[in-house]
Amino acid sequence: MTYQVTIQPSGHTYSCEDDESILNAALREGFNLPYGCRNGACGSCKGKLLSGDVEHRGSATALSDTDKSAGKILFCVAHPLGDVSIECREIGAARDIQIRTMPCRVQRLEKLAGDVMLVQLRLPASERLQFLPGQYIDILLRDGQRRSFSIANPPHDDGLTQLHIRHVPGGLFTDQVFSSLKEKDILRIEGPHGNFFLREDSSKPVLFIAGGTGFAPVQSMLAHAIQHHHDRQFTLYWGARNRAGLYLDQTARRWADEQPNITYVPVLSEASPDDAWQGRTGLATEALAADLTDLSSYQVYACGAPAMVEAARTLCLSRGLPEDEFFSDAFSFQSGG
Ligand SMILES: Cc1cc2nc3c(=O)[nH]c(=O)nc-3n(C[C@H](O)[C@H](O)[C@H](O)COP(=O)(O)OP(=O)(O)OC[C@H]3O[C@@H](n4cnc5c(N)ncnc54)[C@H](O)[C@@H]3O)c2cc1C
Ligand code: FES
């Protein structure tokens, strides 16, 4: 059976299958309700049932007797028994999400290129990390320093937290990632952080400009957009030195092949003869400059080395992009921080 859920005060509605919790169906439909553990333990998803009936499937330990008599339910384990109306604050901005610190276990390490490691992190069984697509986490090192990495998975696929980590030779943390870090090791993370996330209240065509592992947050945003059937136009300029630097080239090509609203422009700056590269050459920003002269109706997301982000910003503003439609994460260094 399929039931209708209405969220108040926004008036948003979505459908929920009877084998889905109210929270899971909302996330599937692209509505950001708050959550923490997703298993009835933390209370982050607590809200009021305004009308209709639900059944809590699984434990609802975060619900006190007072909560119950006030009509509160836990959306992560509550399943509708008919059409329901709920009262809940929807997350529309990064400040609405609680920043948390937690340990996590390295589940898998896979080299995506000679200098790029896919690191998959498993959170404790009772925890989930809520975030907006494009945000990042900090890895907390033993001596109090921290290192930032963008979350590469989309929010709906949050079983494992994925990072794309580029090796900075001589770097305190990334040297460890490429030499001694192993599966089952424990890291401490803090997040989510940042204002670099997909603005879903806009219908403007989007330009992504990614350099190297700047692809990580773009993957999160594009996978999110595909999942939620956004029909905005998305164009990705992904710049790297050589073919290996486009470490998930096949993923990006598949998106562009399968989704009529996604265009992918890979650009190499130092392709070698071995790359047998037939595509665009130079810098990603140069390719963009050659393709588009008027950016006044666009929204731009740029991510990667600080110099690339600065070049993208200068270019876009000079081509008429309104300043408040430019979003970026510059991969600056945190050494000594
Ligand atoms: C918001 C944000 C998100 C980020 N997301 C990602 C991501 O998804 N993937 C990713 O690979 N990186 C990302 N970075 C960059 C990443 O945080 C750094 O590369 C990392 O902190 C390096 O740590 P380290 O301990 O190995 O090097 P450190 O010990 O801090 O640095 C050693 C030396 O290497 C140089 N150095 C450090 N970092 C870089 C760098 N990025 N480029 C060139 N030289 C450097 C510095 O001169 C420094 O003195 C992000 C940075 C920020 C601020
Ligand atoms: S998300 Fe923790 S109780 Fe629902």
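All values below were derived from every heavy atom in this structure, side-chain atoms included, with hydrogens, water molecules and symmetry-related copies excluded. From a predicted model like this one, the values you see are computed outputs, not experimental measurements. Atoms within a ligand are numbered from 1 in the order they appear, just like the ligands themselves.
- Here Ala330 has backbone heavy atoms under 4.0 Å from ligand 1, and that is the only part of it that gets that close.
- Here Cys42 meets the criterion, with an N, O or S atom under 2.8 Å of atom 2 (Fe) of ligand 2.
- Heavy atoms of Thr174 found under 4.0 angstrom from ligand 1 belong to the backbone as well as the side chain.
- Numbered from 1 in the order shown, with element, the atoms of ligand 2 that lie under 4.0 Å from a heavy atom of Gly43 read 2 (Fe), 3 (S).
- No more than 12 heavy atoms of other residues, nucleotides or ligands shown are found within 6.0 angstrom of CD on Gln278.
- The residue among Val116, Val168, Ile165, Asp138 with a heavy atom at the shortest distance from atom 35 (C) of ligand 1 is Val168.
- Checked against a 3.5 angstrom limit, the closest N/O atoms of Tyr136 and ligand 1 fall outside it.
- Looking at His193 against ligand 1, nothing comes within 4.0 Å, counting heavy atoms.
- At a 4.0 Å heavy-atom cut-off, ligand 1 touches Phe173 through backbone and side chain alike.
- No N or O atom of Asp175 sits closer than 3.5 Å to an N or O atom of ligand 1.
- Residue contact check: Cys45 has heavy atoms under 4.0 Å from atoms 1 (S), 3 (S), 4 (Fe) of ligand 2.
- If you run salt bridge (charged side-chain N to carboxylate O under 4.0 Å, His left out) between Asp138 and each of Arg147, Arg146, Arg188, only Arg146 comes through.
- Heavy-atom proximity to Gly40, at under 4.0 Å, picks out these atoms of ligand 2: 3 (S).
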